[in-house]
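Shown next, in structure tokens, is the structure this report addresses.
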Number of protein chains: 2
Amino acid sequence: MTVMTRDPGGGANLSALRGHNAALVLDLLRTAGEDGISRLELAERTGLTPQAVSKITARLRAEGLAAEAGRRASTGGKPRTVLRLVPAAAHAVGAHLDRDGLTLALADLTGAPVALRHTPLALADGPDPVLATLVAEVRELLAGARAPDGAAPSGVLGAGVAMPGPLDHRRGVPGRVTGAPVWDGFPVREALAARLGLPVTLDKDTNAAALGLALRPGAPRSFAYVHLGTGLGAGLVVGGAPLRGERTGAGELGHQTVQLDGPPCVCGGRGCLEALCLAAVARGDLPGAARILGTGAANLVRLLDIDRVLLGGATVLAAPGVFADGVAAVLAGLRLPTPVEVASAPHAVALGAAHLVLAPVFGLAPPGEPESGRGKPESGPAAGPGDRAVLSSDGRTIG
Amino acid sequence: MTVMTRDPGGGANLSALRGHNAALVLDLLRTAGEDGISRLELAERTGLTPQAVSKITARLRAEGLAAEAGRRASTGGKPRTVLRLVPAAAHAVGAHLDRDGLTLALADLTGAPVALRHTPLALADGPDPVLATLVAEVRELLAGARAPDGAAPSGVLGAGVAMPGPLDHRRGVPGRVTGAPVWDGFPVREALAARLGLPVTLDKDTNAAALGLALRPGAPRSFAYVHLGTGLGAGLVVGGAPLRGERTGAGELGHQTVQLDGPPCVCGGRGCLEALCLAAVARGDLPGAARILGTGAANLVRLLDIDRVLLGGATVLAAPGVFADGVAAVLAGLRLPTPVEVASAPHAVALGAAHLVLAPVFGLAPPGEPESGRGKPESGPAAGPGDRAVLSSDGRTIG
DNA sequence: AGCACTTAAGCAACGCTGTTGCCGAAGTGC
DNA sequence: GCACTTCGGCAACAGCGTTGCTTAAGTGCT
């Protein structure tokens, strides 16, 4: 029952312990949402003593992250006090940097959108103009999201940036972005962090979307977010956390071979799922495309033993019923009981990108940083280890 | 740097903290192997203070799990004292329950085999005769592995059992074992635990093999163990830990569709990798089988972004060069730099099964138990939470 | 040889964690 | 109005890693 999954280089001191439990409680508060949750429920769910939960929630309340919100009905004694997350206690910027446009979201601590922006933009123009636009747009976003009293949004924890792969989320650097070699190896994370004055996290668009979906209350522990738009990709969530692979390459569903002797693909292979599926779409055969997509989804379900398939992307959203039914039919034909749904959340990627920043607050493994490097301890001279100083309320620095 | 990955229901108290750090140190001692590792290196690798490492290693030495073993060369001051794991401090039984035979291994704390046994056996005979044989064989194994002074092997922590899927590692119950419906739903883990008087962990054969490979020193963080024998399956290791999926079904590589319009398969699909690959083997076309297998491996590498492909199983081992070269050629043709190797470890599954018991000692997530159940805290009335009592030296009970 | 210097590892005091035992607060139900 | 139940905070406590200092055990220059 103890369960702190190991992670090489992850010695735990008291500060880490405190942070771990605080994150755990915060996550339960987040999951409880509007309903809230009582101290005793928190104690039951965490396995901690009620007294420990009292101390932890007292700290969270002092930091402004949680607040009391009414009481439950009595069951014969003193009624339980309900605690809730304070959504406005902190915010995160999410940026979806796509081939033809930039979508920005400002999300509160619960991940709910507070402000949104969209600007056309050509990713192929390269880092300089694109990042300049991004920085300017973020500033506009934050300026436009002032509270009625004119105060800037409190506690901006950082910015999450989602863009098409391939890239390396650990180093925060894109690889050969399709059609835009100018991005290759450009240190996006560092450059943006310096210009925004905020911590920046970079991830692949599908991973960000999947993360956002994974953090919704009631989300299944494992699912695949299958995105069919101008391309085909997937975000894999296994055991509640996105599966990124060693080089952020996981989820490359588009170039799965599903036809050994199929037509050659630009990737060097034959019979790639993306090529076959998009070809069907191009000739107007949406049910055929759905069947092919369903085969890819079935492969995913069987290989990873996941609980659900979520479909998204412009092509799917243009005919959601056709794709949902087509994919579900393929799974049913293989006697796989996995439910299929269309994830129609608007701005899913931009909001998911914001979750890149929010997730660590709730104890979900952050995507960035070495994370193991085998031997590199990066013995922290900077600030006390495991401090949750991220959440002290001075994070509104922007310029 | 804090990094204790979250796990719902996983509140951490001091006892858990202690266990976590002890497991971390034990894992580094294990990884260091014969070379050993000094206290200061342990401190650097864990991020803990040298003094904390001193205390932890003192406890481990008191428990008999670690011992001093010589010193390093001086670098201008007092030479570092080398610490090593004591292999004989604890043991684990590993059982590979295959369709036609039972292989047993007794492994020491490092996972090295101390004793081995093999008996022919028909899995299809069902639980009663098979488990009776298993229990008798385990007793023979332990009796035969006495030290020169006649003492039974110290600290038998439990027994790991690996068998063909499908099954549910959480409940410890097989599903519809191919060709043997008598096993369906039989509580193997509970029944064996009661009859052996030992904790029992159940897992799929490929998962066990992959776990064993993952725990070898120098193993890559992520790899796929692809097993081609009478069937085709895979064990997936991602980030150092086996990926089992929600119902132990992950790794079902055999029924990945790689030929949309291929021949029908018993599973209900068409063009399944297993059917195509085995058909090529049956007609003597091993290079063809290797190419097909390579396509399946390439799909894995791309989907999961893993570091290496390990091949195993009787069919592969009968012509290792052909398969290794064939698979590697397919990957190279797709410009995937992933190395391909043949994992020729004998008794890989039985030893991997022993690792099912050993892994938790080193802080790797154990495969059994609810692990999250969303809300079920199973508040532990039994023994103090997180106690490492497993390793107190009275574990030799067998009757 | 002898001395200064460097590095490793243990001892003692300390701060901070969750835990335990107890008590007041705030309801229900007879 | 009183007994009972349940919630949640206060205070004392045990145990964790940390800090400051001391001792052990080498190297290298004089």
Side-chain angles (χ1 to χ4, degrees), chain A residues 1-2 4 10-25 36-44 46-62 66 68 70-83 379-381 383-388, chain B residues 1-2 4 10-25 36-44 46-62 66 68 70-83 379-381 383-388:
Chain A
M1 73 191 49
T2 139
M4 290 180 283
N13 54 25
L14 289 174
S15 184
L17 182 88
R18 170 190 173 138
H20 172 82
N21 285 339
L24 206 67
V25 168
I37 185 170
S38 73
R39 288 176 180 80
L40 277 170
E41 282 178 273
L42 287 170
E44 288 168 20
T46 56
L48 294 172
T49 316
Q51 183 58 27
V53 171
S54 272
K55 285 188 179 179
I56 293 166
T57 54
R59 284 198 294 262
L60 295 178
R61 287 194 298 150
E68 299 194 340
R71 346 188 106 180
R72 293 236 191 286
S74 167
T75 59
K78 179 176 176 180
R80 302 184 170 187
T81 313
V82 172
L83 297 171
S379 66
D387 283 336
R388 296 167 23 73
Chain B
M1 66 192 50
T2 140
M4 289 181 284
N13 54 25
L14 289 173
S15 184
L17 182 86
R18 169 187 170 141
H20 172 83
N21 285 339
L24 206 67
V25 169
I37 186 172
S38 73
R39 290 176 179 79
L40 276 170
E41 282 178 273
L42 287 170
E44 287 168 20
T46 57
L48 294 173
T49 314
Q51 184 58 26
V53 172
S54 271
K55 285 189 178 178
I56 292 167
T57 55
R59 285 197 295 262
L60 295 177
R61 287 194 299 152
E68 298 192 342
R71 343 189 108 178
R72 292 238 191 284
S74 167
T75 58
K78 178 176 175 179
R80 302 184 172 189
T81 312
V82 171
L83 297 172
S379 66
D387 282 337
R388 296 166 25 74

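Note that these values count all heavy atoms, side chains included, but never hydrogens, waters or copies made by symmetry. Reminder, nothing fancy here: chain letters follow the sequence lines and each chain counts from 1.
One interatomic measurement links the two molecules: CD of B:E44 to C1' of C:dA9, which rounds to 14 Å at whole-angstrom precision. Rounded to whole Å, atom C1' of D:dA25 lies 14 Å from atom CZ of B:R39. Taking atom CZ of A:R18 as the reference point, atom P of C:dG18 lies 8 Å away to the nearest angstrom. Summarising the geometry, the separation between CG on B:L17 and P on D:dC16 is reported as 9 Å, rounded to the nearest angstrom. Atom pair B:E68:CD and C:dG10:C1' shows a separation of 12 Å (rounding to whole Å applied). As a whole-Å value, the separation of B:H20 NE2 from C:dG18 P is 15 Å. Distance, B:I56 CD1 to C:dA9 C1': 15 Å, rounded to whole Å. The distance from atom CG of B:L14 to atom P of D:dC16 is 7 Å, rounded to the nearest whole Å.
Between B:S54 and C:dG10, a side-chain N or O to OP1/OP2 separation shorter than 4.0 Å is present. The phosphate of C:dA8 has neither OP1 nor OP2 within less than 4.0 Å of any side-chain N or O from B:T81. Contact check, A:R71 against C:dG27: a side-chain N or O comes under 4.0 Å of OP1 or OP2. Residue A:N21 places none of its side-chain N or O atoms closer than 4.0 Å to OP1 or OP2 of C:dT17.
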If you apply the rule side-chain contact (heavy atoms from CB on, under 4.5 Å), what do you find for B:I56 with B:L48, and how did you get there? CA-CA 10 Å; B:I56 292 167; B:L48 294 173; 3.8 Å; yes

Could you walk me through whether A:V25 and A:N21 pass the side-chain contact (heavy atoms from CB on, under 4.5 Å) test, one step at a time? CA-CA 6 Å; A:V25 168; A:N21 285 339; 5.6 Å; no

Please step through side-chain contact (heavy atoms from CB on, under 4.5 Å) for the pair B:L14 and A:L17, ending with a clear verdict. CA-CA 8 Å; B:L14 289 173; A:L17 182 88; 4.3 Å; yes

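For A:R39 against A:V53, the heavy-atom pair with the smallest separation is O-CG1, 3.5 Å.
Note: A:E41 CD to A:T46 OG1 = 11.5 Å, rounded to the nearest 0.5 Å.
Nearest to the side-chain atoms of A:Q51 among the listed nucleotides D:dA11, C:dG18, D:dT18 stands D:dA11. Side-chain proximity of A:L48 to C:dT19, C:dT7, D:dC16: nearest is C:dT19. Listed nucleotides: C:dT17, D:dT18, C:dA26. Nearest to the side chain of A:P79: C:dA26.
Both A:S38 and B:V53 sit near DNA chain D, but only A:S38 has its closest nucleotide nearer the 5' end.
With hydrogens and angles ignored, no donor-acceptor pair under 3.5 angstrom links the side chain of A:K78 to the base of C:dT28.
Contact annotation for A:R59: backbone-only contact, meaning every heavy-atom pair under 4.0 Å involves sugar-phosphate atoms and none involves a base. Among the atoms of the strands shown, only primed sugar atoms or phosphate atoms (P, OP1, OP2) are found under 4.0 Å from some heavy atom of A:L40.
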